Number of protein chains: 2
Amino acid sequence: MSRIEARYLIETPFDVAHACDVMAGEQSCGTFTRLAAETDELRERHAARVESIELLDSVTTPSLPMPTRPQPDGTRYQRARVTLSWPLENLGPSLTTLMATLAGNLYELKEFSGLRLESVQLPDAFAGAYPGPQFGIAGTRQLTGIGQGPLIGTIIKPSVGLDPQATASVVQQLLDGGIDFIKDDELQANGPHNPLEARVDAIMPLVHAHQQKTGRKVMVAFNITGEIDDMRRHHDHVLAAGGSCVMVALNAVGLAGVSHLRRHCQLPIHGHRAGWGMFSRDPLLGMDFAAWQTFWRLAGVDHLHVNGLANKFSESDASVAASARACLTPLFPAAGPAHTVMPVFSSNQTACQAIDTWRAMGGSSDMIVTAGGGIMAHPGGIAAGVRSLRQAYDAAAQGVSLAEHAREHRELAQALETFCP
Amino acid sequence: MSRIEARYLIETPFDVAHACDVMAGEQSCGTFTRLAAETDELRERHAARVESIELLDSVTTPSLPMPTRPQPDGTRYQRARVTLSWPLENLGPSLTTLMATLAGNLYELKEFSGLRLESVQLPDAFAGAYPGPQFGIAGTRQLTGIGQGPLIGTIIKPSVGLDPQATASVVQQLLDGGIDFIKDDELQANGPHNPLEARVDAIMPLVHAHQQKTGRKVMVAFNITGEIDDMRRHHDHVLAAGGSCVMVALNAVGLAGVSHLRRHCQLPIHGHRAGWGMFSRDPLLGMDFAAWQTFWRLAGVDHLHVNGLANKFSESDASVAASARACLTPLFPAAGPAHTVMPVFSSNQTACQAIDTWRAMGGSSDMIVTAGGGIMAHPGGIAAGVRSLRQAYDAAAQGVSLAEHAREHRELAQALETFCP
């Protein structure tokens, strides 16, 4: 395939075919007044093409405010699913120019009362130009020594306010509780009261001592979100201290920064999606997770946050499930590496969601499940909280109900009683 | 000031004070279940504070879809303008963590059917940590030798499809036409049919020859959007070739990348906002330009796109005017450098908008006006198109109507007849 394909959900009061032509023109070689230099040959070679239009329903109220000149009463706003394609030659395999092309000026076009990027399919040249995830699922399992089942993890809380020593003491409790994975909060990067390097230095000796004792190396995702040079230095510090993961707030750092980090990095990159609501909460604006994650997987993250079922946020379970499955879908069906990454479930996670999450993943256990209260607020303590999650996912894997499995697993029974009324 | 302040427009079916507390908790040290480590002292030092709440109107339909559990019939969704503050100590002067904090998870909170970041006020420590614009308004005027009035510019079209030689021949026509400023399209960065370095090599000799002849150095903004190392190399190439500006698609590259480029850069950075519609088109989601531009000015851009009055897109004139004025507003009222940048008007610009644009700018002429058809489609040709824009802005500066000024300025008269029916 030598063309880039992108599918959009659109809504327009204009003729749909016309609106799509405007969109294709704006994002390729179209000009308002056709210029002398805009030859037929140039258009033939470089114009974006409308590949397909599938009409959906129409509505009487525009989803996004329309420009000052009002539409006449009774105007219907037609929704449609459209696929556009671009010659790879227009931009070459560049993620940044891809972003400016597929998710650029077109959002502002006055022809549309709704426009959302749903999915992206790229030519194999992108797989050649970007290394993609360095560790992915297999590498993460290898580093943690956890061959099967979800990695059970948690986030250090309170999000901000702890100093390095206080953070380390929370980590020690979690290590003692038998956890697989710990991460910084996205608000905690390199603040003056808890500098990254001091935090690493306080935590890593505990991780090593725990490994000496148990043979298991717990993965700690240190939040190195920051300026390019700081991210590199902080990555090097985590690496030198024997750490096994770095975390980045993707939308805050941006594509070029994450892609740069990946080329320097020797550790898995844990991708946090803070700010994702801005891209996604209006169903007729922004983009679907399926589109968004394409960029970040190619840029090279190894783990991607997908929220969780029955979360504390506004996202539906169906959307969470679709996001998780997207992480496991190969980016280049025909050729190139699979680029799959580990979905990270979070937000209000307890033993209760295990069966549904398992199903949402299509039976795959290649995931990180992070729980806060589900571990910390377990009546049996942290260790019991961790065990209750493992037991719940064991039940899912064995095809047994949580209630049945709880008969012989006390921590799960306690969790069900406490968290799943 | 040692606290970060951010103002939001919110909409919620819940008690507004409660919803604001959730927001403040989510973005600072709040946890679902209060933990042992979350002491009163820690909360006192690190909690985000709700500084003020101004109730606005209420609506009967939520602006954003709400979670599955429906609100009862008759629920009202209250809108309010709220200001939150954070101690600088939580994050330190970091733009990336600032983004993850002010524009992070809070967009997904189920308490809100609308949430938009309107403005940001930062402690002076940020002015110390980030260099801000290197050239800004004064530097851009100095490099172009244009001491007063707007810089009259254009975008090379067709956006994509021209090879370096064909691009250069468009540039030659524009130079001959007496233009001040030329920019690449945001879709044209370093594609295989028009590589950045070959384009620079084809164009810069023409710019130099023109300077030899006329004494005026036309500023060409070369689109170096790309990976970090490529941007650095391409910047160096533009610099070595005697160029005087580089352009970056800000949202595509991201904050860390632009900030990194700024520290390496010896040329003005022309900031393109492709993708901005995604952040802004839903009035109850995303952010205002006033908030967005704070990040990019601190990161160090010198010019910022603000669309144009009577544009071809969906944005209102009032919004465009507010964006332009935001570029001229000091970031740190009390201290620190002003960080003002040149607003760039574009989209459907001709002589017609001059008076209104002048007024929108509060009488300042510190702007770049880029016109496509307004120059290329002028009946007298490119030179006449450029002159018509200068004449129109001269009229504005002199407080004369366009019609009156056109009596003695033929190119303006032709422009009014052609473009302003």
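Nothing here was measured: the structure is a model prediction, and the numbers come from that model.
Neither the backbone nor the side chain of Glu41(A) comes within contact range of chain B, judged by heavy atoms closer than 4.5 Å. Using a 4.5 Å cut-off between heavy atoms, Ser63(A) does not touch chain B at all. With a threshold of 4.5 angstrom between heavy atoms, Leu285(A) approaches chain B through side-chain atoms but not through N, CA, C or O. Proximity to chain A is absent for every atom of Ala166(B), based on heavy atoms less than 4.5 angstrom apart.
Across all non-hydrogen atoms, the minimal contact from Thr101(A) to Leu106(A) is O-CD2, 4.5 Å. Minimum heavy-atom separation, Ser159(A) to Leu187(A): CB-CD1, 4.1 Å.
Ranked by heavy-atom pairs shorter than 4.5 Å toward chain B, the options Ser94(A), Ala189(A), Ala47(A), Ala100(A) are led by Ala100(A). Ranked by heavy-atom pairs shorter than 4.5 Å toward chain B, the options Gly257(A), Pro192(A), Gly191(A) are led by Pro192(A). Among His193(A), His260(A), Met287(A), the residue making the largest number of heavy-atom pairs under 4.5 Å with chain B is His193(A). Counting heavy-atom pairs under 4.5 Å between each of Ala252(A), Gly92(A), Pro87(A) and chain B puts Ala252(A) at the top. Among Val253(B), Thr97(B), Leu91(B), Leu284(B), the residue making the largest number of heavy-atom pairs under 4.5 Å with chain A is Val253(B). With chain A as the partner, the residue from Glu227(B), Met231(B), Gln27(B), Arg45(B) showing the most heavy-atom pairs under 4.5 Å is Glu227(B). For the set Gln188(A), Glu186(A), Met99(A), the count of heavy-atom pairs under 4.5 angstrom toward chain B peaks at Glu186(A). Highest contact tally toward chain A, considering only Asp229(B), Asn190(B), Asn251(B), is held by Asp229(B) [criterion: heavy-atom pairs under 4.5 Å]. For the options Ile155(B), Leu109(B), Leu102(B), heavy-atom pairs under 4.5 Å to chain A are most numerous at Leu109(B). The residue among Pro283(A), Ser280(A), Ala249(A), Gly277(A) with the most heavy atom pairs within less than 4.5 Å of chain B is Gly277(A). Between chain A and the options Pro93(B), Ser259(B), Gly161(B), the largest number of non-hydrogen pairs under 4.5 Å is found for Gly161(B).
Residues in residues 100-117 of chain A take part in these salt bridge (Lys or Arg N to Asp or Glu O under 4.0 Å) pairs, two or more places apart or across chains: Glu108(A)-Arg273(B), Arg116(A)-Asp288(A).
In this structure, Phe289(A) and Trp292(A) have tilted ring planes: the angle between them lies in the 30° to 60° band.
Using a 3.5 Å distance cut-off with no hydrogens or angles, the side chains of Ser347(A) and Asn311(A) do not pair a donor with an acceptor. A donor-acceptor contact under 3.5 angstrom links the side chains of Asn194(B) and Thr167(B), judged on distance only. Using a 3.5 Å distance cut-off with no hydrogens or angles, the side chains of Glu11(B) and Ser113(B) do pair a donor with an acceptor.
The side-chain contact (heavy atoms from CB on, under 4.5 Å) test applied to Pro379(B) returns Gln414(B), Thr418(B), not counting sequence neighbours.
Rounding to the nearest 0.5 angstrom, the gap separating the CE atom in Met66(A) from the CZ atom in Phe112(A) is 9.0 Å. For the atom pair NE2 of His305(A) and CG of Asn105(B), the computed distance is 9.0 Å after rounding to the nearest 0.5 Å.
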